[in-house]
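Model, not experiment: these values are computed from the prediction. All values below come from the heavy atoms of this structure, side chains included, with hydrogens, waters and symmetry mates left out. Letters go in sequence order (proteins before strands), and every chain restarts at 1.
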Protein chains: 2
Amino acid sequence: MEFKEAKNKFVQTWGALGSQWGINKTMAQIHALLMVSNEPVSMEDIMEELQISRGNASMNLRGLMDWGIVYKEYKAGERKEFFTAEKDLDELAVKISRERSKREIKPTLKILKEVSTIEAKDSAEEKHFVDQTTKLYDFVLKADNMLDKMTEFNDNWLGKLVIKMMK
Amino acid sequence: MEFKEAKNKFVQTWGALGSQWGINKTMAQIHALLMVSNEPVSMEDIMEELQISRGNASMNLRGLMDWGIVYKEYKAGERKEFFTAEKDLDELAVKISRERSKREIKPTLKILKEVSTIEAKDSAEEKHFVDQTTKLYDFVLKADNMLDKMTEFNDNWLGKLVIKMMK
DNA sequence: AATAACTTTCAATTATTTTTGAAAGTTTGA
DNA sequence: TCAAACTTTCAAAAATAATTGAAAGTTATT
């Protein structure tokens, strides 16, 4: 396999994966493209490589910057903007975890707290509901704390964690 | 908040969460409904509670059974089928992890292996591509192994893990 | 202050995904 | 073997999400 083919394959694969994880395909593809680029890429080049419109490129780049995993860069003497991706994978994982926690887990916890604290009358049905949603609340809270802990490590936490787990 | 309202809120929330994670809304809602039901639910009842068609219920129930997180049950003397969800949350997490590994991570690893082993000529661009995809391969492989380890614990692995991490 | 070089926005279009419902399929029991 | 009581399938319709492209917006330069 030659370079161009490999690069394309990687971008396509990462894009497909993105859509399974609630990130849109183009956004994931742009991210993939930037991750494997050794230097900042202009919007023009992104449009060209992925065959997408200016509007599409602009919106998805913004999305990636909102996630904190893509940065704008300016080159001296050049008027246009260039983009780079976070390339450190531990850092990438940390940012994605934090963002998902903020966007999804925290709001879910709030709802779980609410629904699990209704006054369960004596019916088995209601008791089970309260019991199950309480367990779910505890579980999700614990999972979220785990993510927090991981961001504390930060330096190769995944490697350290795997070692700990094997003991 | 009264029971019916709480139950509905929970089902809606879980459904919305599902769509962010690549699982469709109805599938997640059915799962939510079954999780908080203290006894098996018929397809008829699911259709009624979620206001969905027979075809939709049938297909999504099958999807949930393919994930191994919903089971069919038969009641003596009754002709129709009933459904229950896996209610043990550790078990649920293990099943979802295993399935995602099989469906998404393993195929991705295969591609990453392929593209990271092209012969990088001497251009900085190609070198960076090989370097970055290799790192990604290692990272994803490690993450996948971590999931495997977690399934070994199985009994409240999440709690144990959090304790370990705090040390 | 005018213009050139760029980026962002958003209504309309296009593509994708989900849902429906009726026909076909299956199983049980008389 | 027939029919009743179910479930599954799948083509068409509906709903949702992504994309386009041109106009509006912004910023730097002369």
Flag side-chain contact, heavy atom, 4.5 Å: [X] against [Y]:
X	Y	result
Phe82(A)	Val41(A)	no
Leu141(A)	Lys113(A)	no
Met35(A)	Thr133(B)	no

* Could you tell me whether Phe3(A) and Phe129(B) have their ring centroids closer than 6.0 angstrom? =>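 Yes, ring centres under 6.0 Å apart.
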
Any salt bridge linking [X] with [Y]? Criterion: basic side-chain nitrogen under 4.0 Å from a carboxylate oxygen.
X	Y	result
Glu114(B)	Lys9(A)	yes
Arg54(B)	Glu44(B)	yes
Lys75(A)	Glu81(A)	no
Lys135(B)	Asp131(B)	yes

Value in whole Å for how far the [atom2] atom of [N] lies from [atom1] of [X]:
X	N	atom1	atom2	answer
Met59(B)	dA12(D)	CE	C1'	13 Å
Leu50(A)	dA18(D)	CG	C1'	14 Å
Ile52(A)	dA18(D)	CD1	C1'	11 Å

* Asked: Heavy atoms under 4.0 Å, any strand shown: does Arg54(B) hit a base, just sugar-phosphate, or nothing?
  ->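 Result for Arg54(B) = base.
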
* **Nucleic acid contacts - residues 20-30 of chain B versus DNA chain C, non-hydrogen atoms under 4.0 Å** =>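 Nucleic-acid contacts, sorted: Asn24(B), Thr26(B).
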
* **First-last contacting nucleotides on DNA chain C - partner chain A, under 4.0 angstrom, heavy atom** =>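 For DNA chain C, the relevant span reads dA4(C) to dC10(C).
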
* Can you tell me if Trp21(A) and Gln20(B) form a side-chain donor-acceptor pair at under 3.5 Å? ->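 Side-chain D/A pair, Trp21(A) to Gln20(B): absent.
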
* Contact residues, residues 66-82 of chain A to DNA chain D [heavy atom, < 4.0 Å] ->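 Per residue number, the list reads Arg79(A).
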
* Please lay out, stage by stage, how Ser101(B) and Asp144(B) fare under the test side-chain hydrogen bond (donor to acceptor under 3.5 Å, both in side chains). => CA-CA 7 Å; Ser101(B) 171; Asp144(B) 190 44; 2.7 Å; yes

